[in-house]
Amino acid sequence: MAAMVTKTKLTNLTSKLLGWRMWVQSAFLLVWLDPLGLRLHTVCSPVFHCYACPLATFACPIGILAQFSALHIFPFMAVGLLIAVGALFGSLICGWVCPFGFLQDLVAKIPTPKFDLPKLAGYLRYVVLIGTVLAIPYFLGEGHPLFVCRVCPAGALEVAVPNMISQATAGQQIAWPNAVKLTILGLFLIAVFFIKRPWCRILCPLGAIFSLFNRVSAFFLRFNADKCTDCKQCHQLCEYGIEPEKSPNSLRCNRCLECIRCDPGALTLGSIFEKPQTQKSAFENPKPSSVRNFCLLLS
Amino acid sequence: MLTKKTKIIIFCLLISLGVIVLAYGAFFHSIKVTTNVEGGSVSITKSEPALVKEASVGGVTRDKSGKVKQTYTGKAPEACPT
């Protein structure tokens with residue numbers, strides 16, 4: 001019975017929280033946006049949020065990986081944090097915690113036609129991770145125009161644009177970001193209206209790291225083939241073009257968990273902390289088909 | 001498809017690795033940074049958390065000789081130069 005209760009608790013909690021996802025993301029904003037002015041930039045957060053932003057509590061892990069790569073120093077703290085958080089949550093961070101993902105989710109609420117992306121587009125994230133975060137800083141230094149912080153739209157949107165506005169309003173000379181950064185920001189601002197989470201799905205290096213943990217993280221998406229009626233409702237619920245019943249722990253999954261709304265309940269959030277179902281609990285909650293078979297047998 | 005037991009083993013290994021690497025960086029890892037002072041330059045040792053803060057404002061760079069060098073003298077910059 002206890003085993004059953006543990007499982008029900010997580011499933012219940014997930015289904016209750018699902019309707020509140022935006023509020024969960026908003027609540028996490030209070031952590032990242034530094035309302036207390038703590039400026040704890042000696043440690044990284046596990047989310048994509050530019051540390052140059054005046055409203056950033058922590059340092060950006062991608063910025064630190066790139067800066068340390070340019071310095072030829074191994075960033076133990078950032079790597080350790082990403083491994084630990086990735087092992088625990090995987091891409092759940094992207095879907096529920098990341099402020100830049102939240103921003104894109106908010107814009108996606110605007111009713112515009114949304115286009116899907118080819119599956120291969122997701123692999124570009126690994127090119128960005130290896131290229132602009134690790135290789136370019138290591139071999140060409142932080143001054144290169146393709147150094148990740150110099151092209152990052154989060155930095156442009158959270159820091160460069162507000163800076164330019166404040167400089168313009170104060171009558172000072174405007175410090176323009178480089179052309180590549182402005183182009184990427186422009187493309188991002190257009191794409192965000194027509195593609196669901198374009199940055200996360202095409203270019204985000206942090207999402208690329210967390211997605212690698214999806215198959216082994218403590219919290220994962222579980223598919224129960226017995227409950228699946230092959231109705232394909234999960235395909236319609238998934239806004240990222242993933243077929244959750246085929247690959248519930250896909251590298252492209254952002255763990256928004258919308259697919260667990262499917263009526264047959266074949267997809268649930270699982271955890272390695274759950275105890276296995278006992279024989280007793282299976283009898284206490286028999287499947288309808290088992291009951292029917294048992295009645296037929298009796299009759 | 002990984003079994004639950006395999007998942008638990010992988011999770012334990014990863015979380016231990018993550019915590020050990022994080023703790024090593026936070027408490028034991030330090031880097032020598034060259035800083036300019038009046039009449040020359042001196043080498044000081046900085047902990048990784050301090051270097052993370054410096055890196056977040058563009059306060060350190062790597063010179064041609066491979067040494068990590070502080071980019072400013074006096075007060076640290078407030079924002080990243082990028």
Side-chain angles (χ1 to χ4, degrees), chain A residues 39-44 50-54 56 58-61 63-64 66-68 70-88 137 141-143 147-152 155-156 159-160 163 177-178 181 213 215-218 220 249 270 272-274 276, chain B residues 1-35 45-71 75-82:
Chain A
R39 301 283 287 178
L40 302 172
H41 284 196
T42 49
V43 282
C44 298
C50 185
Y51 44 48
C53 172
F58 302 101
C60 168
I64 292 303
Q67 294 282 1
F68 272 57
L71 295 171
H72 292 203
I73 297 167
F74 189 82
F76 288 97
M77 283 173 69
V79 171
L81 178 88
L82 293 179
I83 293 175
V85 173
L88 262 171
E142 82 270 12
F147 177 79
V148 70
C149 294
R150 294 188 189 275
V151 295
C152 175
V159 187
N163 259 344
N178 70 36
K181 192 170 195 159
F213 292 92
R215 282 171 210 273
V216 292
S217 59
F220 53 90
N249 296 306
I272 59 163
F273 306 116
E274 290 170 347
Chain B
M1 186 71 186
L2 297 171
T3 61
K4 190 175 176 183
K5 201 174 175 183
T6 319
K7 272 194 171 184
I8 291 172
I9 293 168
I10 295 173
F11 169 74
C12 291
L13 287 172
L14 283 174
I15 200 88
S16 313
L17 177 71
V19 170
I20 290 167
V21 170
L22 178 62
Y24 175 77
F27 301 113
F28 303 107
H29 188 215
S30 58
I31 302 103
K32 278 189 177 173
V33 178
T34 310
T35 178
T45 306
K46 288 207 172 195
S47 66
E48 193 173 316
L51 202 73
V52 167
K53 191 167 187 173
E54 292 280 0
S56 75
V57 290
V60 280
T61 186
R62 187 173 183 270
D63 66 11
K64 284 178 183 172
S65 64
K67 284 181 183 168
V68 178
K69 200 175 135 190
Q70 202 161 300
T71 55
K75 200 182 169 212
E78 284 183 0
C80 167
T82 60

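Since this is a predicted model, take the numbers as computed values, not measurements. Order of the sequence lines fixes the chain letters, A, B, ..., with proteins taken first and strands second; residue numbering starts at 1 for each chain.
A70(A) touches chain B through its backbone: at least one of N, CA, C or O sits under 4.5 Å from a heavy atom, while the side chain does not. Proximity to chain B (any heavy atom under 4.5 Å) is shown, for L81(A), by both the backbone and the side chain. In this structure, no portion of L40(A) lies under 4.5 Å from any heavy atom of chain B. Using a 4.5 Å cut-off between heavy atoms, I73(A) touches chain B through its side chain atoms alone.
Q70(B) places no side-chain N or O within 3.5 Å of a backbone atom of V33(B) that could act as its donor or acceptor partner. Remark: the backbone N or O of K7(B) is not paired with any side-chain donor or acceptor of R215(A) at under 3.5 angstrom.
No other option in A56(A), G155(A), S217(A), P75(A) has as many heavy-atom pairs under 4.5 Å with chain B as P75(A). Between chain A and the residues K69(B), K67(B), H29(B), the largest count of heavy-atom pairs under 4.5 Å involves H29(B). By number of non-hydrogen pairs under 4.5 angstrom with chain B, the leading residue of A84(A), C152(A), G141(A) is A84(A). Residue with the most contacts toward chain A among L14(B), I10(B), I31(B): L14(B) (heavy-atom pairs, distance under 4.5 Å). Counting heavy-atom pairs closer than 4.5 Å to chain A, the top residue among G66(B), P49(B), G58(B), A50(B) is P49(B). For chain A, the option among V68(B), L13(B), D63(B), L51(B) with the highest count of heavy-atom pairs below 4.5 Å is L51(B). Your options are V216(A), L82(A), N178(A), N249(A), and the one with the most heavy-atom pairs under 4.5 Å with chain B is V216(A). Considering only heavy-atom pairs separated by less than 4.5 Å from chain A, the leading option among T61(B), I20(B), V57(B), T6(B) is T61(B). Interface summary for chain B: among A52(A), A59(A), A87(A), G86(A), the most heavy-atom pairs under 4.5 angstrom belong to A87(A).
Close placement of the F11(B) and F273(A) rings is indicated, their centers lying within 6.0 Å of each other.
Minimum heavy-atom separation, P137(A) to A66(A): CB-O, 3.3 Å.
Side-chain contact between I272(A) and F220(A) is present, with heavy atoms from C-beta onward closer than 4.5 Å.
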ask   = Would T42(A) and V52(B) count as a side chain to side chain contact (heavy atoms under 4.5 Å, CB included) if you check the C-alpha gap in whole Å, the side-chain angles of each, and the deciding distance to 0.1 Å?
value = CA-CA 5 Å; T42(A) 49; V52(B) 167; 5.5 Å; no
request  = Show the numbers, then the answer: is there a ring-ring contact (aromatic ring centres under 6.0 Å, His included) between F27(B) and F76(A)?
outcome  = CA-CA 10 Å; F27(B) 301 113; F76(A) 288 97; over 10 Å; no
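Residue pairs meeting the side-chain hydrogen bond (donor to acceptor under 3.5 Å, both in side chains) criterion with at least one member in residues 49-60 of chain B, sequence neighbours excluded: K46(B)-E54(B), E54(B)-Y72(B).
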